[in-house]
Number of protein chains: 2
Amino acid sequence: MIIMSLDDRSDRIRHDSSVPVATQVARDIEKDIGAGRLVPDTRLPNELELAQQYGVARMTVRRAVAQLRDKGLVVTVHGRGSFVAPRDGETG
Amino acid sequence: MIIMSLDDRSDRIRHDSSVPVATQVARDIEKDIGAGRLVPDTRLPNELELAQQYGVARMTVRRAVAQLRDKGLVVTVHGRGSFVAPRDGETG
DNA sequence: AGACATTTGTACGTATGTATT
DNA sequence: AAATACATACGTACAAATGTC
């Protein structure tokens, strides 16, 4: 019997790839933003949830989010979470 | 009896400070560079040595070195080490 | 005010992979 | 082949900021 979470995303990650896992996670989240599945000004799942969904360590998620932050795609607030940044031209 | 390494620098780090340990290490190394104790184009002690000298974890040293890299003070080469960057205007 | 839960930040440890010498 | 050194990723713990009650 196979048990998996309702939001299991671990099959999107290849641990044997030359692309770092953190980058794979960042790209996957970025895809969700681009596709509108993650809407501006809404919060991302917290780091622990993302870690569980992707089947990776929290530090790996933090690196992924840092990459998205560097691209200006998300904004992180200590104690609150990381939010999808408003699109260019929108004030929020 | 007190035992300490010949190059113990752990007394320069305050673990109860609001300044992150990694930043304290970076500043201490930066001080050495500024004072000429670390010369351009010479290699820094490796991460494990720095970690032992400062009494911190290797990842903390890596963060410190990353900060110096972001400032352009050191250059890291995969498989070789981190080197004090040539001063502005020098070719190396 | 004070206590509590949630979430990110920092720091530690450890293991394995990859590149250079 | 071996030693050295950086890169990535796993885990764990506690601190700090935030929000709620």
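What you see below is based on every heavy atom in this structure, not just the backbone, and it leaves out hydrogens, waters and symmetry mates. Every chain is numbered from 1 and lettered A, B, ... according to where its sequence line falls, protein lines coming before strand lines.
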[X] [atom1] to [N] [atom2], straight-line distance once rounded to whole Å:
{"X": "A:E47", "N": "D:dC14", "atom1": "CD", "atom2": "C1'", "value": "15 Å"}
{"X": "A:R43", "N": "C:dT6", "atom1": "CZ", "atom2": "C1'", "value": "9 Å"}
{"X": "A:Q67", "N": "D:dA7", "atom1": "CD", "atom2": "C1'", "value": "13 Å"}
{"X": "A:I13", "N": "D:dT8", "atom1": "CD1", "atom2": "P", "value": "15 Å"}
{"X": "B:L48", "N": "D:dA3", "atom1": "CG", "atom2": "P", "value": "16 Å"}
{"X": "A:F83", "N": "C:dT8", "atom1": "CZ", "atom2": "C1'", "value": "11 Å"}
{"X": "B:L68", "N": "D:dC6", "atom1": "CG", "atom2": "P", "value": "13 Å"}
{"X": "B:L44", "N": "D:dA5", "atom1": "CG", "atom2": "P", "value": "12 Å"}

Practice task
Salt-bridge test for B:D7 and B:R9: reply yes if a basic N is under 4.0 Å from a carboxylate O, no otherwise.
Solution key: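 Counted as a salt bridge, because a side-chain N and a carboxylate O are separated by less than 4.0 Å.
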Worksheet entry | Salt bridge present between B:R27 and B:D32 (N-O < 4.0 angstrom) | no
Contact string for nucleotides 13-21 of chain C, one letter per nucleotide 5' to 3', B = base within protein heavy-atom range under 4.0 Å, S = sugar-phosphate only, - = neither, reads S-B--BBSS
Taking ILVMFWY side chains as joined if any heavy atoms are under 4.5 angstrom apart, and letting links pass through other members, which residues group with A:I33?
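Grouped by the 4.5 Å side-chain rule, A:I13, A:V21, A:V25, A:I29, A:L38, A:L44, A:L50, A:Y54, A:V56, A:V61, A:V65, A:L68, A:L73, A:V74, A:V84 form the rest of the cluster around A:I33.
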task = With sequence neighbours excluded, tell me which residues meet salt bridge (charged side-chain N to carboxylate O under 4.0 Å, His left out) with B:R58.
result =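 With sequence neighbours excluded, B:R58 shows a salt bridge (charged side-chain N to carboxylate O under 4.0 Å, His left out) to B:E47, given in chain and number order.
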Applying salt bridge (charged side-chain N to carboxylate O under 4.0 Å, His left out) to B:E30 and not counting sequence neighbours gives B:K71
So, with a heavy-atom separation below 4.0 Å from DNA chain C, the residues of residues 16-27 of chain A are none
>> Within the 3.5 Å criterion, strictly below it, is a donor on A:T23 or A:Q67 matched to an acceptor on the partner's side chain?
In response: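 Yes, a side-chain donor-acceptor pair sits under 3.5 Å.
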**Prompt:** Considering only heavy atoms from C-beta outward, does the side chain of B:Q24 approach that of B:R14 to under 4.5 Å?
**Reply:**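 They are in contact (side-chain heavy atoms under 4.5 Å apart), so the answer is yes.
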Note to self: Can you confirm whether B:V77 sits close enough to B:F83 that some side-chain heavy atom of one is under 4.5 Å from a side-chain heavy atom of the other?
What the structure shows: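 Sidechains of B:F83 and B:V77: in contact.
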**Asked** Should B:R62 be listed as having a side-chain N or O under 4.0 Å from OP1 or OP2 of D:dT8?
**Response**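 No, outside the criterion.
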Just to confirm, is there a sub-4.0 Å distance from OP1 or OP2 of C:dT10 to any side-chain nitrogen or oxygen of B:R63? no
So which nucleotide does D:dA1 pair with, by the Watson-Crick or G-U wobble rule with both distances under 3.5 Å?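 WC or wobble partner does not exist here.
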Contacts of B:K31 meeting side chain to side chain donor-acceptor pair (under 3.5 Å) (sequence neighbours excluded), chain-then-number -> none
